[in-house]
Structure formats: structure tokens, C-alpha cells
J.: 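Here it is, the structure, as C-alpha cells.
Not measured: the values here are computed from a predicted model. Ligands are counted one by one from 1 in listed order, and the atoms in each one are counted from 1 as well. Here, residue 1 is the first one in the sequence, and each next residue gets the next number.
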Amino acid sequence: MTQTRSEIRGLLARHGLTPRKRLGQHFLADPNIIAKIVALAGDPTGTRALEIGVGTGTLTRALAEAGFSVTGFEIDRRLNPLISEALDGLEVDIRFRDAGCLDYSEFGSGQKWVMVSNLPYQVGTSILLDLLRRAAGLERCVVMVQREVAERLTAGRGSKRYGLPSVVVALYGTARLAFRVGPQVFLPNPNVESAVVVVDRHAAPDARRELAVRLAAAGFAQRRKMLRSSLRPVITGSVPDSLAGAGIDPTLRAEDLDAEGYLALATAVGRAI
Ligand code: SAM
């Protein structure tokens, strides 16, 4: 059973806890939204769901009850007794650890993984991008993030939200904004709108994609400059030769290249090394 608003209030009060804003503690208090998120996670058979930020355990419970094996990370040890109560009777693997320092080899290709999380606002994007870049067994991510972040993750070239996160996501998967939600579905209410993004992974981590990420990072770090100068810090050989090798106009800027363009450039740079 998912937790209603009054049940979350009751759990917090019984354990003498108040939510910590700096940890992004906005707990999901809407069973319909939780059901929609779990449905987006796909077929639970033989799949382990990774949840970043267990909170009061409501999404964790819904995932376990749907048939996923669940591994959850939570940074706030104060929540330990509350989580034990909320997840009583379920076999779930809960670790009280900072998800910013995950051992990505654990999410290897020996097991099918999905990441399903209502991500903490402060660290959510970097955790998502790191997982896409490093966790070989990850097949899908279903994440609740700030609406603006969702728009950035799913933006295509030409959009005003297009940037490094859009390129990293597109290098490793196909992303879509599944639905938007207002602040009223959380306890306490955040000041921002949120949205759920689904990323279907289409590529495992590899050296060429990582080089493409590094090239895009250098380009967007100096986004007003042309690629022929912004890429100088990361290309040891001739920048104009690499751009020509990939058929890319050297006067373009970072935002003019899509993920395929960065991959083509990574191939050309790789040939030149
Ligand atoms: N999953 C719960 C829900 O949907 O109600 C809680 C979501 S709440 C937005 C984010 C949770 O992430 C909080 O419980 C917070 O303590 C936890 N958190 C914040 N930073 C974290 C980190 N670096 N590693 C692990 N958990 C973190």
C-alpha cells in the first residue's frame, strides 16, 4: 500500500522527524502518481529496481509489491527506524549511503536493472548522468525531477534547453517526458513544478561515447566560442583536422552538434590518436 499524505505525516510524527529541505526531502504523497511511475518501470520479472532516495519508503514498497527486487539508497540515517516500519515484511535491500559515491560495477550486465526514483533535486541530475555513463546493466530510468531539468534532459538540438545533459542522455538512450506534476503531490510542497522522465538505454558505456561526453563538456563549457577554439583543451592533435575528419564546420558552436555529431567527432579524434 502506498502512503497517503496523512500517513506520511503520522510516520514522521511518530519518529519525531521533520523533512530536511537541503536533502530534497519532498515525499510523494499521491498513490496515483506512484502507480503511474511503477507502471513506467516496465516488466518486473527478473529485474532489480534501484531507488535513489528511499525517503519514507512509499515508492520502495510499491516497487517491491509490483514484483521488482529492490535496492534502495538513502543518505539520511535518521529515517532508518521509519523505513523499517514502513517496509516491514518486505525483502528489500536498503543501504544508508550517499548515492553520489556509488560503486557502478555493482550495476553490471549480469543483472537487468531499472532505476526508479523521485530524485533529490540537488544531486539528481549528476547521479542520473553518472549511472547512464557507468552502469552497464541499466536498461531504463524512470525519474521524477524538476520540470526544468526534465526539459533539459529531453531537449533536442535547437531547443533553448539544449545543453550537456541533453547530449549525455542522447548518447546513451532515448528520453521522453512522460508527465508533469504540480507541487501539491509532495509533502512538503516544493516551490517548483516537477516531471517524470523515462530514459530507455540503447547503448552500454564505451570509450568512444565517453570521449564524446568529454568533447561535449569542453564545448558547452565555452558555449559562445566556436568549436575550433572551445575544443582545444581536450583534443591533443589538430582540432581543425579532427573537425574536418568528422565533416564538421569548425565555426559551429557546441549547441549546433547533436549526439551523433559528437560521436562522429569522437571517432575522428580516436583515429587521430
Ligand atoms: N522516494 C521518496 C518519495 O518518493 O517520497 C523520497 C524522495 S525525496 C524527493 C529524495 C530522498 O533522497 C530523500 O529521502 C533524501 O534524504 C534522499 N537523498 C538526498 N540526497 C541523497 C544522496 N546523495 N544519496 C542518497 N539519498 C539521498
J.: As a check for students: among T58, T2, D76, I75, identify the option with a heavy atom nearest to atom 18 (N) of ligand 1.
T.: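 Among T58, T2, D76, I75, the closest heavy atom to atom 18 (N) of ligand 1 comes from I75.
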J.: Using a 3.5 Å cut-off on N or O atoms only, is Q25 in polar contact with ligand 1?
T.: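 In this structure, Q25 places an N or O atom under 3.5 Å from an N or O of ligand 1.
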J.: Hey, does C141 have a side-chain heavy atom less than 4.5 Å from the side chain of L132?
T.: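 A side-chain contact exists here, since the closest heavy-atom pair is under 4.5 Å.
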J.: Look at E210 together with R134 and state whether they make a salt bridge at an N to O cut-off of under 4.0 Å.
T.: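 So E210 does not pair with R134 through a salt bridge.
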J.: Out of V54, L59, L79, whose heavy atom sits nearest atom 2 (C) of ligand 1?
T.: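 Comparing heavy atoms across V54, L59, L79, the nearest one to atom 2 (C) of ligand 1 lies in V54.
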J.: Quick one: which ligand 1 atoms are inside 4.0 Å of a heavy atom on D98?
T.: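 Under 4.0 Å from D98, ligand 1 has these atoms: 22 (C), 23 (N), 24 (N).
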J.: Tell me whether E139 is salt-bridged to R201, with the criterion being a basic N under 4.0 Å from an acidic carboxylate O.
T.: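 R201 and E139: not salt-bridged.
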J.: Regarding R209 and D206, does a basic nitrogen lie under 4.0 Å from an acidic carboxylate oxygen?
T.: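 Yes, R209 and D206 are salt-bridged.
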J.: With a cut-off of 4.0 Å, which atoms of ligand 1 are near a heavy atom of F27?
T.: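 In order of numbering, the contacting atoms are 5 (O), 6 (C), 14 (O).
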J.: Does Q122 come within less than 4.0 Å of ligand 1, judged by its heavy atoms?
T.: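 So Q122 does not count as touching ligand 1.
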J.: Can an N or O of L28 be found at a distance shorter than 3.5 Å from an N or O of ligand 1?
T.: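 It does: an N or O of L28 is found under 3.5 Å from an N or O of ligand 1.
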J.: Give the atoms of ligand 1, by number and element, whose distance to some non-hydrogen atom of R97 is under 4.0 Å.
T.: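 With R97 as reference, the close atoms of ligand 1 come out as 24 (N), 25 (C).
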J.: If we only count heavy atoms from C-beta on, is the N80 to F96 side-chain gap below 4.5 Å?
T.: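 Sidechains of F96 and N80: in contact.
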J.: Please determine whether the number of non-hydrogen atoms from other residues, nucleotides or ligands lying under 6.0 Å from atom CG of N191 exceeds 12.
T.: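 Open: at most 12 neighbouring heavy atoms sit under 6.0 Å from CG of N191.
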J.: Between E74 and R95 (salt bridge meaning N to carboxylate O under 4.0 Å), is one present in this structure?
T.: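 No, this pair does not count.
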J.: Counting heavy atoms only, name the option from G53, G55, G24, P190 that's nearest to atom 8 (S) of ligand 1.
T.: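 Considering heavy atoms of G53, G55, G24, P190, the nearest to atom 8 (S) of ligand 1 sits in G24.
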J.: For atom 19 (C) of ligand 1, which protein heavy atom lies nearest, and how many Å away is it?
T.: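 For this ligand atom, the closest protein heavy atom is L23 O, 3.2 Å.
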J.: How far is atom 14 (O) of ligand 1 from the closest protein heavy atom, and which atom is that?
T.: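 So the nearest neighbour among protein heavy atoms is E74 OE1, 2.7 Å.
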J.: With E151 as reference, evaluate R176, K160, R161 under the salt bridge (Lys or Arg N to Asp or Glu O under 4.0 Å) test and give the passing residue.
T.: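 So, applying the salt bridge (Lys or Arg N to Asp or Glu O under 4.0 Å) to E151 and each of R176, K160, R161, only R161 qualifies.
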J.: Considering heavy atoms of the protein only, find what lies nearest to atom 3 (C) of ligand 1 and give residue, atom and distance to 0.1 Å.
T.: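 Result for atom 3 (C) of ligand 1: N118 ND2, 3.5 Å.
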J.: Taking R180 first and then E193, would you say they form a salt bridge - that is, a charged N and a carboxylate O separated by under 4.0 Å?
T.: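 Not counted as a salt bridge, because no side-chain N and carboxylate O are separated by less than 4.0 Å.
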J.: Which ligand 1 atoms does A99 reach within 4.0 Å, using its non-hydrogen atoms?
T.: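 Per the distance check, 22 (C), 23 (N), 24 (N), 25 (C).
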J.: List ligand 1 atoms under 4.0 Å from E51, heavy atoms only on the residue side.
T.: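 Numbered from 1, ligand 1 contributes 1 (N).
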J.: Checking the N or O distance criterion of under 3.5 Å, is ligand 1 in contact with H26?
T.: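 No - when backbone and side-chain N and O of H26 are compared with those of ligand 1, no distance drops under 3.5 Å.
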J.: Would you mind checking which non-hydrogen protein atom is closest to atom 20 (N) of ligand 1, with the distance to 0.1 Å?
T.: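 Here the nearest protein heavy atom works out to P120 CG, 3.6 Å.
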J.: So, are R223 and E255 salt-bridged, with charged N and O less than 4.0 Å apart?
T.: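 A salt bridge links R223 with E255.
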